[in-house]
There are 2 protein chains.
Amino acid sequence: MFKTVKNKKICEEILEQMKELLVSGHLTVGQRIPSEIELSETLGVSRSSLREALRVLDVLGIIEAKTGDGTFIKEAKMENIGNIMTLVALSKELETSDLYEVRIILESYAASLAAERRSNEDLAIAKKYLLKADNGSTGEEGSLLDHLFHSSVIKASKNNVLVMLMDMISGLLSEQIKSTRTLFSSSAELMELIQKQHWEIYDAIEQQKPLEAQKKVFDHLNNAKIIINLKQKS
Amino acid sequence: MFKTVKNKKICEEILEQMKELLVSGHLTVGQRIPSEIELSETLGVSRSSLREALRVLDVLGIIEAKTGDGTFIKEAKMENIGNIMTLVALSKELETSDLYEVRIILESYAASLAAERRSNEDLAIAKKYLLKADNGSTGEEGSLLDHLFHSSVIKASKNNVLVMLMDMISGLLSEQIKSTRTLFSSSAELMELIQKQHWEIYDAIEQQKPLEAQKKVFDHLNNAKIIINLKQKS
DNA sequence: AAGTTTTGTTTGTCAGACAATCCAATAAAC
DNA sequence: GTTTATTGGATTGTCTGACAAACAAAACTT
């Protein structure tokens, strides 16, 4: 019946104004915004309050402040967004199993898209990592190559939302993924199996077979999941 | 060969520390953090710098600052984050088509999980919205019921990661979804079709048929996508 | 004309101050 | 004894002023 009285902080009001200016197109990428002193006088607020608002936009990657030069509207990059999302996701209690479930579904779908949309360049990048891994890779290097291969597949999907979400989920699962990798690296057979599966995924994408690529990734990740569960129980 | 020297701002270093504390579980929801003065002395930074970091967490909904009381860890709600994410998405790197693509895959997968895991309570909630919509609903009310039904299906999946991601994506797509709904509401035939599809989805979940539920949602959302494209071209 | 220095501007950080607000302990009233 | 008022301390919100660091452009030197 009664609405809660909004006790908005100054910084939040500034953010709303900035948002409107961005939506309306009055602020475009690359443009320089007035100096902090000038803006604070225009808005009728202190420099501190204005800076708190600007800092938010800075962390979100919407603006870039250059010392001694000025502040400019920037194009937000995926990495930044993924970082922020990770931060937000941390304050929620997310089950690792739920995360892995979503990872499997998104990554296998990314593979199917990759099979449709991959460029020759995408293939070359993915192949490079696989060849390196073929020449024997252990420990951290192997773990890195594994991650790079999976990333290259996702990027080949050409869907930036997928890239962002997978960045985020990988970040949240990083500990689990690392321990998985070290678990695997203890067994030469498992390592060979993984590498074989990677090549099968690559082939499916190279030959532009979406459904096959999707299934290969799905099975690949599910394998890992099953093995983890087995090891944990034992 | 050489890496760019990172000239990290104090505020960003504080944010990283907070992130680690959240990851490690030293900070839990509801907990109170030290006062600004105390924290600034502990960290060896000025109160201003600390406040800039805290303000970022505040806007992201990770903490809540209460004047005269203190600052507390809060569970970030995705609804609020949607606001922030739209700000970020304004840089247009997130294509609407990419978002919709991911929405379809996640929501249809959520339906398959819902078919496996739904409780009777989940069913009752979903059914309630459908019955209301049956009794004729127009304009905003219909739009709301539509959203509520889709939400109830996702919640029935019992995967909080899915719930979170779909909240976020819905927030980013909110404008598009609204316009879609108003488009549809102009045609009684389309409205009936949508409602029929909703019931089919419900039945599949009620009868615990994962694959069917998944396909129904997939087709349902793809239908909407196709119709949007047609209307836009005409 | 080219290179160097200077100067002014802008962001980054700090310190201090005061108002607004809340919690709790204390005092007062019943 | 219980309830209500008052008070005081603590905390966040905001403002002001100051200085350092870094950059760009103007002024200067060669």
Side-chain angles (χ1 to χ4, degrees), chain A residues 2-18 21 27-76 80 91, chain B residues 2-18 21 27-76 80 84:
Chain A
F2 289 98
K3 292 180 182 177
T4 58
V5 177
K6 291 177 185 174
N7 188 13
K8 275 184 186 169
K9 302 178 188 85
I10 288 182
C11 140
E12 287 169 355
E13 285 188 14
I14 298 175
L15 282 175
E16 282 197 7
Q17 276 201 43
M18 296 288 290
L21 289 176
L27 292 178
T28 54
V29 173
Q31 187 178 341
R32 178 195 163 137
I33 64 178
S35 76
E36 293 179 354
I37 294 177
E38 194 177 341
L39 242 185
S40 62
E41 287 173 356
T42 306
L43 295 171
V45 300
S46 73
R47 203 183 145 206
S48 327
S49 299
L50 173 64
R51 272 184 67 80
E52 288 182 6
L54 292 180
R55 178 66 63 224
V56 173
L57 297 176
D58 185 44
V59 171
L60 290 177
I62 295 171
I63 63 173
E64 184 176 12
K66 296 180 181 175
T67 311
D69 193 0
T71 306
F72 305 84
I73 307 286
K74 199 173 69 169
E75 211 170 314
N80 234 323
S91 74
Chain B
F2 289 98
K3 293 179 183 176
T4 56
V5 177
K6 290 177 185 174
N7 188 13
K8 275 185 185 169
K9 301 176 189 89
I10 288 182
C11 143
E12 287 169 355
E13 286 189 15
I14 298 175
L15 282 176
E16 282 199 6
Q17 277 201 42
M18 296 287 290
L21 288 176
L27 292 178
T28 55
V29 173
Q31 188 178 341
R32 178 196 163 136
I33 64 177
S35 74
E36 293 179 353
I37 294 178
E38 195 177 340
L39 242 185
S40 61
E41 286 173 357
T42 305
L43 296 171
V45 301
S46 72
R47 203 182 146 209
S48 322
S49 298
L50 172 65
R51 273 183 66 81
E52 289 181 5
L54 291 180
R55 177 66 63 225
V56 173
L57 297 177
D58 184 48
V59 171
L60 291 177
I62 294 171
I63 63 174
E64 183 176 13
K66 296 180 182 176
T67 312
D69 193 359
T71 306
F72 304 84
I73 307 286
K74 199 174 67 170
E75 193 173 336
N80 299 341
I84 297 300

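Per chain, numbering begins at 1; letters A, B, ... match sequence-line order.
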pair B:S46-B:L50: side-chain heavy atoms closer than 4.5 Å: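 Result no, sub-4.5 Å side-chain heavy-atom pair not found.
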
Would you mind reporting whether A:I37 and A:R47 have side-chain heavy atoms less than 4.5 Å apart?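 Yes - at least one pair of side-chain heavy atoms lies under 4.5 Å apart.
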
Neighbours of DNA chain D within residues 30-39 of chain B, by heavy-atom distance under 4.0 Å: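 Per residue number, the list reads B:R32, B:S35, B:E36.
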
Using a strict 4.0 Å threshold on nitrogen-to-oxygen distance, state whether B:K9 and A:D58 make a salt bridge.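 Judged by the 4.0 Å cut-off on N to carboxylate O distance, B:K9 and A:D58 do form a salt bridge.
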
Using a strict heavy-atom distance below 4.0 Å, which residues from residues 55-66 of chain A are in contact with DNA chain C?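 The answer is A:R55, A:A65, A:K66.
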
State whether [X] places a side-chain N or O below 4.0 Å from either non-bridging phosphate oxygen (OP1 or OP2) of [N].
X	N	result
A:R51	C:dG12	yes
B:S49	C:dG12	no
A:S46	D:dC15	yes

Distance check needed: [N] [atom2] versus [X] [atom1], whole Å only.
X	N	atom1	atom2	value
B:E52	C:dT13	CD	P	7 Å
B:F72	D:dA10	CZ	C1'	12 Å
A:E12	D:dT14	CD	C1'	14 Å
B:K8	C:dT13	NZ	P	13 Å
B:L54	D:dT14	CG	C1'	15 Å

Can you name the salt bridge (charged side-chain N to carboxylate O under 4.0 Å, His left out) partners of B:E13, sequence neighbours left out?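 Per chain and number, B:E13 pairs via salt bridge (charged side-chain N to carboxylate O under 4.0 Å, His left out) with no residue.
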
Short side-chain to backbone donor-acceptor contact, B:E41 and B:E38, under 3.5 Å: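 Pair absent, no side-chain N/O of B:E41 close to backbone of B:E38.
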
Ignoring hydrogens and geometry, is there a side-chain-to-backbone donor-acceptor pair from A:R51 to A:E36 under 3.5 Å?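 No.
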
Do A:S49 and A:E52 pair up side chain to side chain, a donor and an acceptor below 3.5 Å, judged on atom types alone?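 No - no donor-acceptor pair under 3.5 Å links their side chains.
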
Testing B:V59, B:I33, B:I14 for side chain to side chain contact (heavy atoms under 4.5 Å, CB included) with B:L54, which one passes?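 Between B:L54 and the candidates, side chain to side chain contact (heavy atoms under 4.5 Å, CB included) is satisfied uniquely by B:I33.
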
Along DNA chain D (nearest heavy atom to each residue), the more 5'-positioned of A:D69 and A:S48: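 Upstream on the strand: A:S48.
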
Quick one: does A:R47 reach the base of C:dG12 with a side-chain donor-acceptor pair under 3.5 Å?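 Flag set: donor-acceptor pair detected.
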
